[in-house]
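Just so it is clear: chains get the letters A, B, ... in the order the sequence lines come, proteins before strands, and each one is counted from 1. Everything numeric here is computed off the predicted structure, so don't read it as measured data.
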Amino acid sequence: MKKPWYIAMVAALAALGSLAFLQGQTVDEDVDTSDAAQVNIGPEGQPIAFPHNRHAGDLQLDCQFCHFSAERSSSAGIPPVATCMGCHTFVAGTERQEEVAKLRGFWERGEAIPWNRIYKVSDHVSFPHMRHVSAGLECQECHGPVEEIGVIQEVQQPLTMGWCLNCHIEQGATRDCTACHY
Amino acid sequence: MSADRGVSASGAREGVLASFEYLDAAVDAIKRLRGEGFEEITAFSGYPEHHIEEALGYRASPVRLFTLIGGLTGAATGLAFTVFTSMDWPLVTGGKPILSIPAYVIPMFELTILFGAFATVFGVFYNIRLPSLKGDVVYDPKYSSEGYGVYVTAPANRITSARSILEEHGPASLQDDPQGDSHG
Amino acid sequence: MSEGIKRRDFLKVLGVSGAGAGLVGCSTDQVEKLIPYVTPPEEITPGVATWYSTVCGECPAACGVWVRTREGRAVKVEGNPHHPVSGGALCARGHASLQGLYNPDRLEGPVRRGEDGEFQPIAWDEAEALLSQHVQDAGSDFVFVTRKEGPALAGLIESVVESVGGSRVEYEALSEAPLREATRMAFGQDAVPTFRFEEADLIFSFGADFLETWLSPVEHARGFARSTGIDEAHEKARFVFLSPRLSLTGQNADEWVPLTAGSEGVVALAIAHALVQRGADGGPYSDLIEAYDAQAAANEAGIPAETIEELADAFQAASAPLAVGPGVAGQGANATATNLAVLILNAVAGSVGSTLHVTRSDLAAPATPYRELADVISRMAEGQVPAMVLHNVNPAYSLPPESGFRQALGQVGFSVAITPHLDETAALCDLVLPDAHTLESWGDSNPRPELWALRQPVMQPVPHFDSRSAGDVLVRLAGRLGEDLGAETFHDYLRNRWSDLHAELGSPGGSFDAFWREALRVGVVEVDAAPAQATAMQTPDRALTFDAPELEGDGMALVVYPSSRFGDGRGANKPWLQELPDPVTKLAWHSWVEIHPETAEELGVRRGDMVRVASPHGELEVPVYTYPGIRADTVAIAMGEGHENYGRYANGNGVNPMVLLPATVEEPSGTLAHLSVRVNLEPTGRRYSMASIEGSDQQYDRPIAPAVQLEELREGNIEEAGGYPTRQELQAIGGFVPITTEAEPQDFPLEGARYGDYEDSGSTPRWAMAIDLDKCTGCSACVTACQSENNVAFVGKDQLAMGRALQWIRLERYYEQIDSSQPGPVDIRFLPMLCQHCGNAPCEPVCPVYAAYHTPDGLNAQVYNRCVGTRYCANNCPYKVRVFNWYRFSEVPEPLNWQYNPDVTVRTEGIMEKCSFCVQRIRKSENQATLEGRTIGSNEVVPACQQSCPAEAIVFGNIRDPESRVYQVSNNDRTYRVLDVLINTQPAINYLRKVTFHPVESIHV
Amino acid sequence: MATVTEKTRAEQTHPDVRSHGEVNADIMRMLSPPGTWWWVLFGLSIAGIGLLAFSWGNQLVRGIGLSGLNTPVGWGAYITTFVFWVGIAHSGTLISAILFLFRARWRQSIYRAAEAMTVFAVMTAGLFPLIHLGRAWHAYWLFPYPNERMLWPNFRSPLVWDVFAVTTYFTVSSLFFLMGLIPDIAAARDSAEKGTLRQKFYSLASVGWRGTDRQWHHFGKAYLYMAALATPLVLSVHSVVSWDFAMGIVPGWHATIFAPYFVAGAIFSGVAMVITILVPIRKVFGLQKYLTTRHFDAMAKLCLVTGIIVFYAYLNEFFMAWYSGEDPERRVFWNRLWGHYWWATWIMLICNGLIPVLLWFKRVRHSIAALFTISIFINIGMWFERFVIIVTSLSHEFMPFAWGVYRPTITEMGIVIGTFGWFFFWLLLFIRLLPPVAISELKEVLPPPMRPKQKTEASR
């Protein structure tokens, strides 16, 4: 007789279920993504258009040459202006020399460079860089192919808990909550 | 009862709807009709009248199967779910085992009831073919307040005898239905 | 998680020198700034703490401390283990110095009183010019009032003052002058003796609060705990407290002799007399002693004469007795005499040279007592003081109004205050120069002849405040006055002085630069201790009256005692100290008057009733705290509260008892007599909602804080003596059988739970703690240490009164025996109650979202960001150690938030929190261990409470390791676990019973 | 078939109801446009909802600290009222399901209202777990849904049991309620005049019900199975709620008696609330024919029985506390009687223990006014029972030093009172839009119309 209505009923239930699941797959709002994936500053966002691809890519500079504390501290470290000047006192840069000029300006004014922070996990998460570096993890695993990107303006990875967990499970690292949350 | 039950004769079908004021009249009429071999009968009443059900000779309703299966599904789901989530990310609380089965009995129980109830509702609607807003069913609004209706369909050649049987029991009113396929 | 202060805000301030400072606390929706250094300070690694050694400036004891800084900000103060005074520990006030550094009420720049009488901002140079001008003009009439400072700064002040021929007054509200004077009279040494509590086996304190405020509390607490704490040989020193009121120190006594206020001297002499009768040598004081027989003294003190005889017997029997006191609270009109009497008692008992040492003192000139300030005040009042500087002193608050200081200050031509923040005195001055905080400035200290320490800035000055250290100001002032100090800055001046010292000491450690660097690194320089001298007594050079002073007025004797939290009141604007429940009364954020319950009954008042306290000199209204630890004829009020103009956290809290006191000068020491009036109490009929954390002071025979008598302990039958029989339950078959529990704290988790991450948890550490209640003095330093380490917010008076205190440690205090009517044993049990990290934690299974669970290494974890705030865990916690963020308490005014520990999440509203066993320190050590390719050591992690405990009562470590200290300490007859026998929670904290000398009535649960 | 014999009026539950048609007429009259009193009550309940919205909104913005809760007492007025409403919710399903299984003839005319009350009471109770949360916006974390963080709720926690029990209870009792409504909605549809909005609404809601034999047959069976499912459910729900407390180790909570004790209490308060609500309805709509004294008599007896069980449980608790010999346990109960909250305890004992004793007397049971008054006392008493259990126990736990006192605040009172507005809002809508008395089931207990005697020989 009139079957369609309850077929529709079952279909609706199925739809609801899958909806719930899909919702689950997406990032929850309580994961503080305002600090993570969402950060996207404009093209002129960084005070100096620092080309990672030039330094890390072409020049093959080691990441930790500038991010000096990654292997011994929970924070990777932002290079002091002095580090930049180490080279740029002599190197005026090939193209876009005006950016190097900016750098020197900061140096002469004795001013710190107000970089915009791109990579950041929520405040209730503590991420020890050194543990991951010493575990032999490549920087690119989390930071993406930095050596190919010019001015870093948005994160390459979700930086969400599930994303961290997947790696921890694959690597057999701890799943204990207080490894990151305390 | 429903048209798909009993032997349905070939040819055009007609129907008769009789309204009775009194319960026993309606019941007797139904018995007579069935005695005469009229199987396609629909009775209307404003409340569940077991005399009519007896007269129509109902047997157990299949709804109970829906309930049973629903309940069992619920219990299984409850157990599987609680166990799976506990193993998925094992965390010790209060020095208790990862699998604290006694605690899981409660979600199991609640899901049993929940699924059982849903299945029952689904079952009843399925069995009575509702919801249906089909307007062409022979029906008289007054049945929901008082009186009883007996609607019988038969091949054109036998419909007159059905009408006479109904008349014998003194219906309050009698009306013909040329379609004869209007069983609810 | 926290909308307020985000941990990573600290990164933003990396280059405080640069633009970073302004960016702290910018909300999250903005793109966050990363501010690198322009040139990197070599010792700083972002994310890694840097430690600086310096000297605590919160009280004259001058403890050596280490300050932990992160990205250039001081976040934690800890005792410097190399420093003999602090010995690695620190008191609550020391911890709270950070809130002085980051206090939002600090002056933002120099201000001058304008025509309209309001303060107007003024440029530094202008201000300094103004200062030097007036000093110049004032010439010999110039007065410089300062508190007790380190040698260098004191010397600098001296030379500045001398350069114009002015006079310098050093004023400390809490003065040890009487002790000093008595020592001079008795031993001919202008010195403060050192007391070796550690070596004593019998301690008499005549009201000296040596665990709270008296001289050097942290040092004393350590020595006291070491001697009175039971040792392996089951030996422990005995402590008798003779005073009308039980202070926190008194609450730690084994016996209490509640004598009348002021009669300490005669009792001390009577005991000495009894000793002489027993054959001791009275020395030059024999005749004096003769005059004081037990009966007379007993009558005066209101105690039985036998008591004095018994005390004398005990003192004689003791191998290393020690008598100390009186404290500031006991400083009456006979303060010097009383001190002298106690010194005589020590001398007669032969303690001098063993437990009490009188050594040549190289201390900077002694704090001149009130007498000289009084002279200055009279000169001020007569308008003979054209210019004066008040440096970090607050006489307008800490002197009785009768001293007339406020009015006199008005008569001063030009008054200058050098202070970090406005206070009652500065508010009356014409010019206020914001001094740098002690953690921002250079200096030195010489607490003992053989001990030198350097004070160095631990961070750039807090950028919110345009302050200059008094030293720098004075160096420049000297320059303007034409004085050549051979130094541009105080730092240079200090170096010069120290190079002289270095030469004087015979150039230890080679070059001066090396010596200097080493001094900065270690934080202390110890030179060969001068030999203890002059243990022989001299005849007194003047007659003294030892009898109890006649107290002015009628009614009950008023004891005004220094607060263990605020000292003389300088700590009052620090929320941590306001929030810290007073160790004795467990009240916070306000004042109270302590009266005996019987007295209260006579007056018809209950705890919390407002009463009017009236003395011949003034009156005030204050709520009643009924306290069994005070004589019925005595009432007591603490100093420190009742500020009018000291900042948002101090103003309007409580009362200042000084208004009740006359400005009496005690002779011969010339200090201010605190014990001098009687007061009348009169109910006002009003109630006051007291901010107390105390629910009940009784244990109701529950297995909470048991004790054992020494004899019983020695005989090994601990169960009978206040122990608990093993629990039994009635079973269908077999009748009563013992309840089976896993006995050992290392048994975690249960077999059934060994799955997943817990599979190998038999081998991982189980972090556990041991707390020796026989050592704990209840000083509450751990509470503030924890608050500072773990970003525990403060909630304020109203919230605390509602029962919403957030501290992770609650120092419970239970009365077992306490009787003020006659001398006898006193038994008060202290119990630091923090999360017990139970193996069978009741809080964990009830959490619907796994926010509370057990980690494989045995921690009871609380995942803040998962918590939804059902509060079920707190309800189900039998120890009631879980606290809840009812509001966004963590949002504090700038720059208080600079103190937040970057390693710990700042909690926002609606979240449960509790002691985490300093998990951040555990993880840090694990990370370090992993980098070094080793496993974490069993004693490697030191939580904030253990680190801070002056009594060394707390031990933390991995209890699965039999080599660990926590295992060895816990492996003791006295070990028990709170409530465990009742509810089988299997806590990870093992307490060690208190040991008493008197019988403990058995507790059956 | 054997002729249906006439009954004497005395034996009938509804002696004054003459014919089936009369029933429809009377009940449909209730659905006619409301009078002023209804608008007054409706306005009041709207105001209540406003109060609720304001207080709760304020609390959401400023923080849960607006409540009077503190460290020893983490649960207070909110959880008290939660348990109160869940308890109220129990009589409905009890009357509709359990009495249905017991074939109690007096349930027919009251069960519809009771069931509606159940649904609305659960809707009200369901608010409180949200209200009392520190971070209400994260409440959905208690539900097991697959999420990016791979986290699941803790099924060992009684609160998760609660989530399951209460949501299940709400769903099932709503289904039960709506299912039972279908034939009556059909009746309403048939009586409403064509083309009106009401008629459209009813014909939609009646999903095409015709009252055919087949429909009645399956419907009756399904109804039976639903009742069979709902019966253990109703007993389980309040047991689970009681385990929120009994699973805790708090002295005064940790008792094996709690489940039956709470279930009895729930039915006790629920029936009382049914009386409280039915008395005015009966008066206003003149339903004396359908709600006879024998109905109220039966409900009063139910109250009496459950009341006795509850009072026994009180005494039993005190005895066990003494018998346990545990000081914490003993002191909690001593404190209940003589401590800071003595007044609450005595209100509870008097309202729930003493006053119901009057129900022993037939004269009281047959006096509607007396029943109404008593039922209100019982409602008050039962609220205080939960208050006493929760607050006095928490305020006097194991650590004497941590004992504390809790005082409800304006915000809490506002929310508690506001939820009554919320509850009556739905109830008032219900009695205006849907048949508040079960027409079809009522007819089951009426004598069916039979042919006058002389015609009966037709059936041989």
For [X] and [Y], which heavy atoms make the closest approach, and how far apart are they?
{"X": "D/Gly248", "Y": "C/Tyr872", "result": "N-OH, 4.2 Å"}
{"X": "D/Ala402", "Y": "C/Lys880", "result": "CB-CB, 3.7 Å"}
{"X": "D/Val250", "Y": "C/Asn875", "result": "CG2-O, 3.2 Å"}
{"X": "C/Leu979", "Y": "D/Met399", "result": "CD1-SD, 3.9 Å"}
{"X": "D/Gly134", "Y": "C/Phe884", "result": "CA-CZ, 3.8 Å"}
{"X": "C/Val883", "Y": "D/Thr71", "result": "CG1-OG1, 4.4 Å"}

May I ask you to decide if [Y]'s main-chain N or O and [X]'s side chain share a donor-acceptor pair within less than 3.5 Å?
{"X": "D/Arg156", "Y": "C/Pro845", "value": "no"}
{"X": "D/Ser157", "Y": "C/Val846", "value": "yes"}
{"X": "D/Trp141", "Y": "C/Pro848", "value": "no"}
{"X": "C/Arg888", "Y": "D/Arg62", "value": "no"}
{"X": "C/Arg871", "Y": "D/Trp75", "value": "no"}
{"X": "C/Arg804", "Y": "D/Gly65", "value": "yes"}
{"X": "C/Asn876", "Y": "D/Ile249", "value": "yes"}
{"X": "D/Asn154", "Y": "C/Tyr850", "value": "no"}

Which atoms of [X] come close to chain C, meaning under 4.5 Å heavy atom to heavy atom: side chain ones, backbone ones, both, or neither?
{"X": "D/Ser393", "value": "neither"}
{"X": "D/Pro251", "value": "neither"}
{"X": "D/Trp253", "value": "side chain"}
{"X": "D/Tyr78", "value": "neither"}
{"X": "D/Leu66", "value": "both"}

Problem set entry | Audit row: C/Glu909, D/Arg135, side chain to side chain contact (heavy atoms under 4.5 Å, CB included) steps and yes/no | CA-CA 8 Å; C/Glu909 72 177 316; D/Arg135 301 204 290 173; 5.5 Å; no
Beyond-backbone contact of [X] with [Y], side-chain heavy atoms, under 4.5 angstrom:
{"X": "D/Phe398", "Y": "C/Val978", "value": "no"}
{"X": "C/Cys847", "Y": "D/Leu159", "value": "no"}
{"X": "C/Gln699", "Y": "D/Pro400", "value": "no"}

If I measure from the heavy atoms of chain D, does [X] come under 4.5 Å with its side chain, its backbone, both, or neither?
{"X": "C/Pro878", "value": "both"}
{"X": "C/Met912", "value": "neither"}
{"X": "C/Gln698", "value": "backbone"}
{"X": "C/Leu831", "value": "side chain"}
{"X": "C/Leu800", "value": "neither"}

Exercise. Counting only heavy atoms not in D/Ile410, do more than 12 fall under 6.0 Å of its CD1?
Worked result: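 Open: at most 12 neighbouring heavy atoms sit under 6.0 Å from CD1 of D/Ile410.
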With chain C as the partner, which of [options] has the greatest number of non-hydrogen pairs under 4.5 Å?
{"options": "D/Val163, D/Val405, D/Val73, D/Asp244", "result": "D/Asp244"}
{"options": "D/Pro72, D/Gly63, D/Pro158, D/Pro328", "result": "D/Pro328"}
{"options": "D/Gly404, D/Ala139, D/Ser67, D/Pro129", "result": "D/Ser67"}

Problem set entry | Option in C/Ala874, C/Cys867, C/Cys877 with maximal non-hydrogen atom pairs under 4.5 Å from chain D |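 Ranked by heavy-atom pairs under 4.5 Å with chain D, first place is C/Cys867.
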Problem set entry | Leading residue by heavy atom contact count with chain D [cutoff under 4.5 Å; candidates C/Glu844, C/Arg813, C/Arg882] |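 Option with the top pair count is C/Arg813.
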Exercise. Should the ring pair C/Tyr814 and D/Phe401 be called parallel, tilted or perpendicular, given that the plane angle runs from 0 to 90° and is split at 30 and 60?
Worked result: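 The arrangement is perpendicular - the two ring planes meet at more than 60°.
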Gap between atom [atom2] of [Y] and atom [atom1] of [X] - 0.5 Å precision:
{"X": "C/Asp701", "Y": "D/Arg331", "atom1": "CG", "atom2": "CZ", "result": "8.5 Å"}
{"X": "D/Asn70", "Y": "C/Met802", "atom1": "CG", "atom2": "CE", "result": "6.5 Å"}
{"X": "C/Ile983", "Y": "D/Glu326", "atom1": "CD1", "atom2": "CD", "result": "10.0 Å"}

